[in-house]
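Presented below is the structure to which this report refers.
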Amino acid sequence: MTEGRQVVLVLLGVLQLLRLPFAAPQSFIGINYGDVADNLPPPSSTARLIQSTTISKVRLYGTDPTVVSAFAGTGISLLLGAANGDIPNLASSPAAAAAWVAAHIPSTSPSVSTVSVGNEVLFADDASLAAQLVPAMQNLHDALPPNSSVKVSTVHAMDVLASSDPPSSGAFKPELSAALDPLLAFLSKTGSPFLINPYPYFAYLSDPRPETLAFCLFQPNAGRPDAGSGLTYTNMFDAMVDAVRAALDAKGYKDVDIVVAETGWPHKGDADEAGATVENAGAFASGLVSHLRSLAGTPRAPGKSVDTYIFAVYDEDLKPGKGSERYFGLFQTSLTETYPTGLLRNGTAGLGPAMAPSLAPTSVPPPPPALPTPQGTPAQSGSAAVAGPSGVCSPGTATAKCSRHNAAESSRTFSVPTIIAGFLFTALQMLI
């Protein structure tokens, strides 16, 4: 083989490596598809939108057959939800569980990875559901076909933890042990994951200091040492996940994997909701995606990214509660990105019309007036247990320092490989 041909083959290999991170789906990145809105695109359009990204799995909060069938043939796996209201019937009747499986889990496509029995059941208004949760999960599991790969679990709020700061102190609330102990035993026996909803945004709301924001947004910070483990944390996401890991380990369930069922950052909110801005939401999403793609894992469990479902595909304009609850969408109903995330394949612009001009500031604005300390948000009131260390951003501001993962930088995620690829292509032409 001539030297020129060897160089050509090497350059072609480099080109292929450059393509991989930006085109291939990543098994550890998922997204939540909520529907509490009256302006959403058809499910078929949403399925095509998600196919244009590197997202490989979708969490649904129900089993709408139109939505489920829209993902047939896409290669995207689904996490389905059985409603809290279904739990009593599923718990009391194996026949009802068998009927649920037959009606809602497709025999071929799309594939279903997991069924979540209820959502944050241990804090539901109906306290009787907690005792019925594991029987419902067991009946559903028993109703699955032999050798089924579908896992049965349930989603928890961070409220299940009594302690989470530092992460090594993570421990479940003792008063939940009657419900949690049999649940954890079931997960271990069936090889099912522990599903958790860690929201760094709500942790920031409870402590909106400048030093907390950078820690929550994956931005440069001094790090936070955990004296109990000797580990140092550089972001709130890892700290929250490892607090759950510590709680599971303390219970003797090191074999139970963690799956992040929800995490996200709102791009808009009420006047008293510090940090709910487009700039911060973009920084969180792009920082999270980059962190997951690094395969760094967490300090307590390095080398493997935790499967993570980002919240959410769209804004949901009919959601009750604080304003931020309605503005978590990574995409607009026009099928374009709300802000750059690095999720679109090879830097495509989505399926809709061109995006609006960059939302990143071109100059440093003056500091805003001090905001009052926000009140906790009921949806995730317990997820503020972990408080972050040093940072560089003031609550709600979008200075040059605060917008490290701004629109221009996210665009460079794709533009730099494109430039390199162009250079290599020119070199190839010269050699050939």
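All values reported here derive from a predicted model rather than from experimental measurement. Positions are given from 1 along the sequence.
Not one N or O on the side chain of S163 forms a donor-acceptor pair closer than 3.5 Å with the backbone of A171. Remark: side-chain polar atoms of N280 are not paired, donor with acceptor, to backbone N or O of L217 under 3.5 angstrom. Listed for the S290 side chain is no donor-acceptor partner under 3.5 Å among the backbone atoms of G287. A donor-acceptor contact shorter than 3.5 Å links the side chain of N235 to the backbone of F237. Side-chain atoms of N119 never come within 3.5 Å of backbone atoms of N84 as a donor-acceptor pair (strictly under, hydrogens ignored). Looking only at distances, a side-chain donor or acceptor of N221 sits under 3.5 Å from a matching main-chain atom of T234. Side-chain atoms of S192 come within 3.5 Å of backbone N or O of V152 as a donor-acceptor pair. Between the side chain of E316 and the main chain of D35, a donor-acceptor pair closer than 3.5 Å is present. The backbone N or O of P208 sits nowhere less than 3.5 Å from a side-chain atom of T212 that would complete a donor-acceptor pair. Side-chain N or O atoms of D315 include none that pairs as donor or acceptor with a backbone N or O of D317 at under 3.5 Å.
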Item to check | Chi angles and distances behind the side-chain contact (heavy atoms from CB on, under 4.5 Å) call for E337, L330 | outcome: CA-CA 6 Å; E337 286 188 301; L330 271 63; over 6 Å; no
Checklist entry - Under the side-chain hydrogen bond (donor to acceptor under 3.5 Å, both in side chains) criterion, do T114 and S153 qualify, and how do the steps go? => result CA-CA 7 Å; T114 311; S153 188; over 6 Å; no
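The side-chain heavy atoms of V150 and L80, taken from C-beta on, include no pair separated by under 4.5 Å. With a 4.5 Å cut-off on side-chain heavy atoms, V244 and M158 count as touching. Side chains of F172 and L161 form a contact here, defined as non-hydrogen atoms less than 4.5 Å apart. Side-chain contact between S52 and R48 is absent, with no heavy atoms from C-beta onward closer than 4.5 Å. Looking at Q132 and L90, their side chains never come closer than 4.5 Å, going by heavy atoms from C-beta outward. Using a 4.5 Å heavy-atom cutoff, the side chains of L129 and L133 are not in contact. Using a 4.5 Å cut-off on side-chain heavy atoms (C-beta onward), T232 and P299 make no contact. In this structure, the side chains of I310 and I55 stay at 4.5 Å or more apart for every pair of heavy atoms.
The aromatic rings of Y327 and H267 sit perpendicular to each other, their planes meeting at more than 60°, with 30° as the lower class boundary.
Within 6.0 Å of NZ on K319 lie more than 12 heavy atoms contributed by other residues, nucleotides or ligands.
Sorted by first then second residue, the ring pair (Phe, Tyr, Trp, His ring centres under 6.0 Å) pairs that include residues 286-309, not counting sequence neighbours, are F218-H291.
When only modelled atom types and interatomic distance are considered, D242 and Y233 share a side-chain donor-acceptor pair under 3.5 Å. Checked by atom type, the side-chain pair R59/S116 shows no donor-acceptor distance below 3.5 Å.
With F328 as the partner, the ring-ring contact (aromatic ring centres under 6.0 Å, His included) test is satisfied by one option alone out of Y33, W265, F311, F284: F311. Among T53, I76, T308, V58, the single residue meeting the side chain to side chain contact (heavy atoms under 4.5 Å, CB included) criterion with I31 is V58.
Residues passing the side chain to side chain contact (heavy atoms under 4.5 Å, CB included) test with P41 are S45, T46, Y314, T333, L335, sequence neighbours excluded.
Rounding to the nearest 0.5 Å gives a distance of 9.0 Å between OG1 of T336 and CZ of F331. If you take CD1 on I87 and OG1 on T154, they are separated by 6.0 Å, rounding to the nearest 0.5 Å. Expressed to the nearest 0.5 Å, how far NE2 of H104 lies from CG of D86 amounts to 7.0 Å. Atom CG of N32 sits about 7.5 Å away from atom CG of N197, to the nearest 0.5 Å.
R300 has no carboxylate O lying under 4.0 Å from a charged side-chain N of D226, or vice versa, which leaves the two without a salt bridge. Using a 4.0 Å cut-off between charged side-chain N and carboxylate O, K57 and D307 make a salt bridge.
Contact record, Y339 with G329: CE2-O, 4.3 Å, taken as the closest heavy-atom pair.
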Could you pull out every donor-acceptor pair under 3.5 Å between side chains of residues 176-188 and any protein atom, sequence neighbours left out?
residue, atom, partner, partner atom, Å
S177, OG, P174, O, 2.9
D181, OD1, K251, NZ, 2.8
S188, OG, D255, OD2, 2.6

